[in-house]
Every structure is written in structure tokens, then in C-alpha cells.
Amino acid sequence: MLKLAWRNIWRNKVRSTITIAAVMFCVIFAVVLRSFQVGVWEHMVDDIVANNFGYLQVHQKGFWEEQSLDLSMDQATLPSDQWREVDGVRSVVRRLESFSLVSMDQNNRGSLVLGIEPQHELPGLQLTDQIVSGNVFEPGSDQVVVSEGLAEFLKVVVGDSLLFLSQGYRGASAYGQFVVSGIAKISNPELNKQLVLMPLQTAQWMYNGMGLLTTAVIDLEPGVDHKEVKEALQPMMGEELELLEWEELFPELIQTIEADMAGGQIFITILYFIISFVLLGTVIMMVSEREREFGILVSIGMRKSKLAFVTVLENLILTLGGAIVGMTLVKPVQFYFKYNPIDLSGQMKEAIEQFDFEPKLYTTTSYIINLNHGAIVFIIGVLISSYAVWKIMKLEPVKSMRS
Amino acid sequence: MSKPVIEIKNLEKVYEGAVPVHAVNGINLTITEGEFTALKGPSGCGKTTLLNLLGGLDQPTSGTIEIGGVDITTLSENELIDFRLRNIGFVFQAYNLIPVLSAKENVSFIMLLQDRPKEEREARAQQLLEAVGLKGKEGQRPVQLSGGQQQRVAVARALASKPQFVLADEPTANLDSTSTANLLDIMEKLNKKERMTFVFATHDDRVIKKARRIISIEDGKVLSDE
Ligand SMILES: Nc1ncnc2c1ncn2[C@@H]1O[C@H](COP(=O)(O)OP(=O)(O)O)[C@@H](O)[C@H]1O
Ligand SMILES: [Mg+2]
């Protein structure tokens with residue numbers, strides 16, 4: 001019986017080729033589409049989370065919600081040594097973060113001010129590769145590094161002075177005048193438009209909160225599952241502190257990703273509709289081509305269920321073959337564009353940058369996507385071959401042989 | 001005295017339509033073992049319809065068809081398919097064979113459906129192909145064979161399942177006279193050697209001449225039986 005199915009595959013090579021090719025291209029197309037979509041987000045999350053904000057952050061309880069300096073932690077009493085003992089924790093990064101109005105001549109803008117210690121920072125804020133002109137500030141100095149986008153907006157260059165005006169700890173007014181020692185290109189476009197970096201002590205001094213931190217970033221060893229580390233750290237937080245993972249820090253990001261995925265789903269659904277019709281076409285072609293033969297087989301004594309089984313088997317071999325070939329062929333494409341993202345240019349680039357995306361298209365190399373879409377197309381193939389089953393089950397040998 | 005293989009009583013088949021057609025209009029007939037019988041009559045007289053009823057491919061409007069004592073009009077669809085597989089051999093007008101199978105595979109396929117062991121299938125297929133004069137053509141696909149050779153494979157297949165009788169509807173309609181004579185000789189030989197009962201519908205005089213019993217049909221009725 002398997003032999004019959006196998007022989008039938010070779011019988012109408014056009015039909016078999018159409019079936020395999022259609023399934024293959026559908027899988028490839030769906031996987032490529034999905035890979036770019038997931039890949040762009042994966043890259044963005046990786047950039048925001050791994051390079052700039054960390055997978056886990058500790059604050060005084062309520063700080064993330066209210067963003068108020070009054071909810072700060074005392075760096076002297078913070079049990080960060082104890083946290084560092086936990087498996088998977090590489091280091092604890094100390095920050096003071098707040099908003100401030102930053103002005104230069106007539107221009108001013110609300111900015112995110114981060115007091116940091118660059119040598120202990122996450123990769124995105126170490127200010128080694130990021131500086132595009134000037135230098136990193138000296139620790140404890142009255143120098144700042146301004147992000148490229150903000151510098152452009154305020155029209156500042158290295159050596160200019162910037163005026164800061166904000167509210168400090170416990171209602172004190174906070175102000176200061178600092179010299180721009182360098183300009184940094186921050187990979188995340190959103191941050192690049194509004195970030196000012198200064199030495200941690202300088203920030204503490206300006207905000208009138210010596211020894212205070214708003215944020216302790218838990219820097220993880222590569223490849224560690226942040227949820228496991230979170231579980232291990234949680235008991236050490238006590239009443240005063242909150243431990244948040246990136247999904248809690250940026251819920252809007254998750255929502256945006258989900259919305260975008262749902263949007264992409266429409267394209268893929270349309271694709272699946274098209275493939276369904278192509279496959280249905282080939283099955284209809286097969287059934288009508290073999291109507292007389294089906295009639296003869298049932299006449300001489302082949303049960304319809306057996307005939308249907310052989311026919312479905314033939315289709316399953318074809319769709320499974322197409323799906324596997326598609327799933328495999330697309331893999332190098334995924335790897336290529338993960339490490340060689342497509343650089344968008346011109347209008348497209350501007351449009352995308354407006355939405356704070358990096359104008360590069362990355363792919364993901366996750367196998368799940370391939371398996372998912374391979375399986376979906378295969379299932380479509382199975383469902384479509386039920387047309388042949390239906391035709392065979394209602395076949396009347398006398399009628400089918402007269403045609 | 002030979003025993004009856006097919007007994008039909010008061011058989012009627014009406015095709016409903018704007019004008020109902022009485023394709024088979026009250027036929028009583030007994031076919032006994034070892035017969036070599038032709039159903040003759042002009043085109044449209046009801047030969048194919050009668051043959052399809054005998055073969056259990058179509059349901060009569062009324063009447064009974066007993067084959068080896070079983071009234072096949074009472075069988076369910078699957079019972080009927082299994083009954084055909086075990087009891088009836090078919091040769092149709094043309095394009096009888098499965099195009100993707102070789103001559104030998106076409107013959108053994110029906111025995112595969114019967115779950116016969118592989119050695120038996122191989123041996124019987126070989127023996128039957130030799131009996132129909134196709135030794136050396138076992139591995140050929142139907143398209144590689146002539147029309148006459150294809151019909152001989154079909155005859156071999158019809159016999160392979162060891163049926164009670166073989167029904168053949170216009171088996172020579174698409175053949176030239178040499179092939180026709182050849183096919184008839186083979187059927188006659190198998191009829192004698194294997195005592196296989198043959199019933200064929202035809203309006204071909206060359207076939208009718210060979211038959212030992214000739215049943216003339218007109219307008220769905222038996223006109224003469226000699
Ligand atoms: N499925 C059908 N529906 C309606 N009329 C039919 C059908 N099959 C056959 N007939 C009619 O029944 C009559 C007998 O046909 P058939 O048995 O094919 O005759 P024969 O084989 O002797 O040429 C013809 O008049 C034919 O038109
Ligand atoms: Mg006819």
C-alpha cells in the first residue's frame with residue numbers, strides 16, 4: 001500500500017512538484033516573516049534589557065511606580081554583597097536616576113539623568129565604545145556625557161556648559177551647571193534622545209542625596225535564567241525593597257510586542273489561506289484525474305477506507321516533505337540575517353527611527369518558529385486532503401467509470 | 001448437472017428522470033457454473049445496467065440477485081465490496097489497470113487486497129500472465145502495453161482472485177480483430193481449463209460467435225435465450 005502511494009507521487013510530477021513547492025515556499029515565507037518580526041524585538045529587548053537596564057532591578061518599594069527620589073535606598077546599608085553570593089549574579093550596579101530639565105541658551109528639554117559608575121556598568125553604559133566625541137567624565141567631577149540625540153537638540157558640543165534644574169531629595173531644589181566632557185551614541189533610539197550621564201557622586205550631590213541610590217541593577221552571568229535568580233533573591237529583599245524583572249519594568253514593551261505580533265499574524269493568515277487554496281487545487285486535480293481509477297479499484301473490491309488511506313498517505317508524504325525541506329532551507333537565511341541585519345536606508349529608515357526603532361532588521365534563529373509553521377502547514381495539508389477522503393467516500397463506481 | 005452460480009428473479013432497474021427509463025424491465029435468469037455466455041443486443045438495450053446489477057455495482061429498483069445462495073441486494077456497502085473481492089471478477093471496456101503498477105503488480109494487487117501470502121501472489125500472478133500470453137511483459141506498465149495486452153492483463157487480474165464468475169462489459173470494443181480473436185481464445189481456454197464462468201455483454205459478432213449461450217436483450221427484456 002505504501003508502494004502504491006509512493007508510486008502515485010511520481011506519477012504526476014507536476015502536481016507533486018506544485019504541492020511540495022507550495023508547502024515549501026509557504027513555510028519559508030512564514031518563517032522568514034516571523035523571524036524578522038521576532039528577531040527585531042529580540043534584538044531590541046536584548047539591547048534595552050541586557051545592555052541598558054538589566055534583567056532585574058532592586059529599588060525602594062514604590063520607587064518604580066512613583067519615580068520619586070524620596071523613595072531611595074542608602075548605599076551604605078544595602079546588602080549587595082549578600083546578593084552577589086547568589087548563583088548567576090555577576091555584580092550589582094549602583095545608579096541614581098531621576099529626571100531633570102536640561103538647558104543650553106534658549107533650548108531646554110526634560111531628560112533622564114543617570115548617575116553611574118561607568119567601570120561597573122552594563123555593557124551599554126560603560127562609555128568605552130559609545131563616546132563619539134570628547135571623553136568620559138572623571139569620577140566625582142562636574143562633567144557630564146550627553147547622548148547624541150539630546151546634544152543635537154540642545155546644540156551643544158564638547159566643552160559647553162549645561163544647566164540642570166530639578167527637584168531633589170525631600171523637596172530640596174536641585175540645580176547645577178556641568179561641563180559636557182563627551183557625547184555618546186546610545187544604541188536605543190529612545191534613550192539616545194534624552195539621556196544625560198554623570199558620575200554617581202555628582203548626581204548624589206546635585207540631588208542633595210549623598211549616599212543614596214534609586215536603583216541597583218542585578219547584572220547576571222550570560223545565559224542565566226533571570227526568573228530563577230529572581231526567585232533566589234526574593235527572600236533577601238525584606239519589607240523595604242522591591243525586586244522587579246524586566247517584564248515588570250517595561251510592561252508597555254511587552255504590550256507593544258504582543259500587538260505587533262498580532263499584526264504580523266494577519267499576513268501569515270492570508271498566506272495560509274493562499275496555500276490552502278493551492279493545495280485544494282492540487283487535490284481536486286488529483287481526484288478528478290483518478291476518478292475512473294478509483295471507480296475500478298472500488299469495483300474490484302478495494303474498501304473505500306483503504307483507498308482513502310492510500311490517497312491521504314500520498315498527500316501527507318508530499319506536504320511533510322515540503323514542510324521539512326522548507327523548515328531546513330530557511331535556517332541559513334535566519335542565521336545570516338541575525339548576524340548581518342538588513343540596514344534600512346532612506347525614507348524607510350527615517351520612518352522607522354521616528355518610532356524609536358533601530359533601522360535594522362534582525363532575524364531570530366529560534367527553532368520554535370520553524371517547527372510551528374512547518375506543523376501548521378502540514379496540518380493544513382492534512383485537512384485539505386480530507387477533500388479526497390470525502391470524494392472517495394461518496395464515490396459511486398458505476399458513475400465514476402462512465403466518465 | 002452443473003450448479004447455479006447466479007439466479008436473478010424479477011429484476012428491474014428504473015432510472016428516474018423527466019422520462020423514467022426502464023433499463024432492466026423484469027428479467028429472470030439463471031447462470032450455471034462453467035458457462036461461456038454472451039448478453040447481446042443493440043446499444044442502449046440495458047446490457048451494461050444488467051451486468052452492473054449482477055456485479056453488485058448498482059442497486060436494482062426491485063427483484064433479487066442470488067450469487068452462490070447470497071442475496072446481494074441485502075448487503076451493506078462494505079459487505080458488498082468484500083463480496084465482490086471474493087466472488088466476482090471484472091473486465092471493463094478499457095483502462096482497467098492501475099497506471100502506476102506493472103502488469104504483474106496489477107494482477108497481484110487484488111490478491112493483496114485478499115490478504116493472500118506473498119509467495120502465492122507472486123506464483124499465481126506469474127502463472128496467469130503466462131496463461132494470457134504475456135510472459136516477458138510482467139514488469140511493463142500499462143502504457144507500455146497495447147490495448148489487447150492491457151485487456152489480457154485485466155482478464156488475468158479478474159481470475160487472480162479465484163472468483164465464482166467473471167463479468168466482462170464490451171471487453172473487445174477497443175480492440176482490432178487479431179487482438180479480439182486472441183483475447184477470446186484466452187478466455188475460452190481459461191473457461192475450459194479452470195472451469196471459470198464468463199458472462200460478457202457485447203454487440204460484437206466475433207464475440208457472439210464464440211459464446212455457447214447467447215441471451216438477446218431488447219428494451220430491458222430477454223428476447224431469446226439459446
Ligand atoms: N445513470 C443513468 N441514468 C439514466 N439513464 C441511464 C443511466 N445509465 C443508463 N441509462 C439508460 O438506460 C438504458 C440502458 O443503458 P445501458 O445499460 O448502458 O445499455 P447498453 O450497455 O446495452 O448499451 C439506456 O437507455 C441508457 O440511456
Ligand atoms: Mg454498455
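Note that this is a predicted model, so its numbers are computed, not measured. A note on names: the letters A, B, ... follow the listed sequences, proteins ahead of strands, and every chain is numbered from 1.
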(message) What part of B:Arg157 gets within 4.5 angstrom of chain A, counting heavy atoms only: side chain, backbone, both, or neither?
(response) side chain
(request) Take atom NZ of B:Lys47 as the centre, draw a 6.0 Å sphere, and report whether it contains more than 12 heavy atoms from other residues, nucleotides or ligands. (result) yes
(request) For B:His22, look at atom NE2 and say whether over 12 heavy atoms of other residues, nucleotides or ligands are found less than 6.0 Å away. (result) yes
(request) Against chain A, label B:Asn78 side chain, backbone, both or neither, depending on which of its atoms sit under 4.5 Å from a heavy atom there. (result) both
(request) Answer yes or no: are there more than 12 heavy-atom neighbours, outside A:Phe25 itself, under 6.0 Å from its atom CZ? (result) no
(request) Verify the neighbour count for atom NZ of B:Lys221: are there more than 12 heavy atoms of other residues, nucleotides or ligands below 6.0 Å? (result) no
(message) Could you report the tightest heavy-atom contact between B:Asn52 and A:Val398, atom names first, then the distance?
(response) ND2-CG1, 3.5 Å
(request) Measure from the side-chain N and O atoms of A:Arg303 to the backbone N and O of B:Leu113, and report whether any donor-acceptor pair falls under 3.5 Å. (result) no
(request) Tell me, out of B:Thr48, B:Leu97, B:Ile81, who's got the most heavy-atom pairs with chain A below 4.5 Å. (result) B:Ile81
(request) For A:Phe29, look at atom CZ and say whether over 12 heavy atoms of other residues, nucleotides or ligands are found less than 6.0 Å away. (result) no
(request) Would you check if B:Ile98 and A:Leu297 make a side-chain contact, meaning some heavy-atom pair closer than 4.5 Å? (result) yes
(request) Using non-hydrogen atoms and a 4.5 Å limit, figure out which bit of B:Ile110 sits close to chain A: side chain, backbone, both or neither. (result) side chain
(request) Flag yes if more than 12 heavy atoms outside B:Tyr15 fall under 6.0 Å of its OH atom; otherwise flag no. (result) yes
(request) Identify the heavy atoms of A:Arg292 and B:Phe92 that sit nearest to each other, and give their distance. (result) NH2-CB, 4.1 Å
(message) Restricting to non-hydrogen atoms, name the atom on B:Phe90 and the atom on A:Ser299 that form the minimum distance, rounded to 0.1 Å.
(response) CE1-O, 3.3 Å
(message) Between B:Ala94 and chain A, with a heavy-atom cut-off of 4.5 Å, which part of the residue counts as in contact: side chain, backbone, both or neither?
(response) backbone
(request) For chain A, find which of B:Gly55, B:Ser161, B:Pro99 contributes the most heavy-atom pairs closer than 4.5 angstrom. (result) B:Pro99
(request) Please indicate whether B:Asn28 has more than 12 foreign heavy atoms, meaning atoms of other residues, nucleotides or ligands, lying under 6.0 Å from its CG. (result) yes
(message) Can you confirm whether B:Tyr95 sits close enough to A:Glu293 that some side-chain heavy atom of one is under 4.5 Å from a side-chain heavy atom of the other?
(response) no
(message) In the structure I gave you, are the side-chain heavy atoms of A:Val298 and B:Arg84 within less than 4.5 Å of one another anywhere?
(response) yes
(request) Quick one: which of B:Ile88, B:Asp82, B:Asp58 has the most heavy-atom pairs under 4.5 Å with chain A, could you say? (result) B:Asp82
(request) Check whether B:Glu105 gets within reach of chain A through its side chain, its backbone, both or neither, counting any heavy atom under 4.5 Å. (result) side chain
